[in-house]
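Structure first, then comments.
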Amino acid sequence: MLVITGGGGFIGSALAAALNEEGRADLVIVDRFGSGEKWRNIAKRDFFEIVPIEGLLAWLERFGDQVEAVFHLGANSSTTERDADHIIANNLNYTIALWRWCTEAGRPLIYASSAATYGDGSAGFDDSGGIETFKRLRPLNLYGWSKHAFDLWALREAEAGHAPPRWIGLKFFNVFGPNEYHKGDMMASSPRIRRGSPPASRSDYSNRTGRITATASSCATSSTSRIALP
């Protein structure tokens, strides 16, 4: 089985579609759907089970031996969120817990970092220099900092020999496409402009956009499964 956190969200549901196209229906979708229309993002998807966000770690303790890999794409992606305790719990500590589980269980972890970690771009966009290069980055908001904090934590853990057998961090820039409507003010500017709404301020990263579809998502997410999975 493949676990996809944020599997009902924008990129997560596109990944699920791409994996379905590759013949994978053994997907565990981890997300919070509420009373809105977000459930429609997975209405056409084949999956094994839906697990609530708060129940994933307990689920892994029971069924983790059947898991091949974890795609951790879920987070609070609001660049205007001001509740630091909420962001730390959901973006930083939750990811740390999944890293530790994957390390102990010997399972690959593919997680979503963010281009928001680059801040205004003045420190460059090169991730190849290790911890010292990462430490020069200056995110401009709480969301970007939470992703950056985990990147640094992961690099230190890997350097100390405490890491999943394979792990990949993905930095998505400003993207848009189907299944994004539930994001409200954090929806990418392009579709909002077409509907007559002003774009939200996105000063924390490049305003270049790329369209995400079930096929396009394969270039970054589904394709990493070929690298990360045994």
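Please read all numbers here as calculations on a predicted model, not as lab measurements.
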Legend entry - Asn91 side-chain N/O to Ala75 backbone N/O, donor-acceptor pair under 3.5 Å: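 Pair absent, no side-chain N/O of Asn91 close to backbone of Ala75.
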Inset, instruction - Looking only at non-hydrogen atoms, find the nearest pair between Ile131 and Leu155 and report the distance. - result: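 In this case the closest contact between Ile131 and Leu155 is CG1-CB, 3.6 Å.
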Inset, instruction - Please list all pairs passing the salt bridge (charged side-chain N to carboxylate O under 4.0 Å, His left out) test where one or both residues lie in residues 26-35, with sequence neighbours left out. - result: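 As it turns out, the salt bridge (charged side-chain N to carboxylate O under 4.0 Å, His left out) pairs with a partner in residues 26-35, which skip direct neighbours, are Arg24-Asp26, Asp31-Lys38, Arg32-Glu54.
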Legend entry - Residue pairs passing the salt bridge (charged side-chain N to carboxylate O under 4.0 Å, His left out) test where at least one lies in residues 143-164, sequence neighbours excluded: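 Every salt bridge (charged side-chain N to carboxylate O under 4.0 Å, His left out) pair that includes a residue of residues 143-164, provided the two are not neighbours, is Asp151-Lys171.
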How long is the span from the [atom1] atom in [X] to the [atom2] atom in [Y], to the nearest 0.5 Å?
X: His72; Y: Thr95; atom1: NE2; atom2: OG1; answer: 3.0 Å
X: Ile29; Y: Ile42; atom1: CD1; atom2: CD1; answer: 6.0 Å
X: Leu137; Y: Asp127; atom1: CG; atom2: CG; answer: 7.0 Å
X: Leu27; Y: Ile4; atom1: CG; atom2: CD1; answer: 4.5 Å
X: Phe125; Y: Thr133; atom1: CZ; atom2: OG1; answer: 14.0 Å

Inset, instruction - Would you please say whether a donor-acceptor pair under 3.5 Å links the side chains of Ser78 and Asn76? - result: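 Ser78 vs Asn76: no donor-acceptor pair found between side chains.
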Legend entry - Partner of Leu60 by side chain to side chain contact (heavy atoms under 4.5 Å, CB included), out of Asp65, Val30, Val67: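 With Leu60 as partner, side chain to side chain contact (heavy atoms under 4.5 Å, CB included) holds for just one option, Val67.
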For residues 96-105, dump all side-chain donor-acceptor pairs below 3.5 Å to protein atoms at least two apart in sequence or in another chain.
| unit_1 | atom_1 | unit_2 | atom_2 | d |
| --- | --- | --- | --- | --- |
| Trp99 | NE1 | His162 | O | 3.0 |
| Thr103 | OG1 | Trp99 | O | 2.8 |

Legend entry - Sub-4.5 Å side-chain heavy-atom contact between Ile50 and Phe33: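 Yes - at least one pair of side-chain heavy atoms lies under 4.5 Å apart.
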Legend entry - Heavy atoms from other residues, nucleotides or ligands near CZ of Phe48 exceed 12 (cutoff 6.0 Å):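 Not more than 12 within 6.0 Å, no.
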Inset, instruction - Could you check Phe172, Tyr94, Phe150 and say which one makes a ring-ring contact (aromatic ring centres under 6.0 Å, His included) with Tyr111? - result: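 Only match with Tyr111 under ring-ring contact (aromatic ring centres under 6.0 Å, His included): Phe150.
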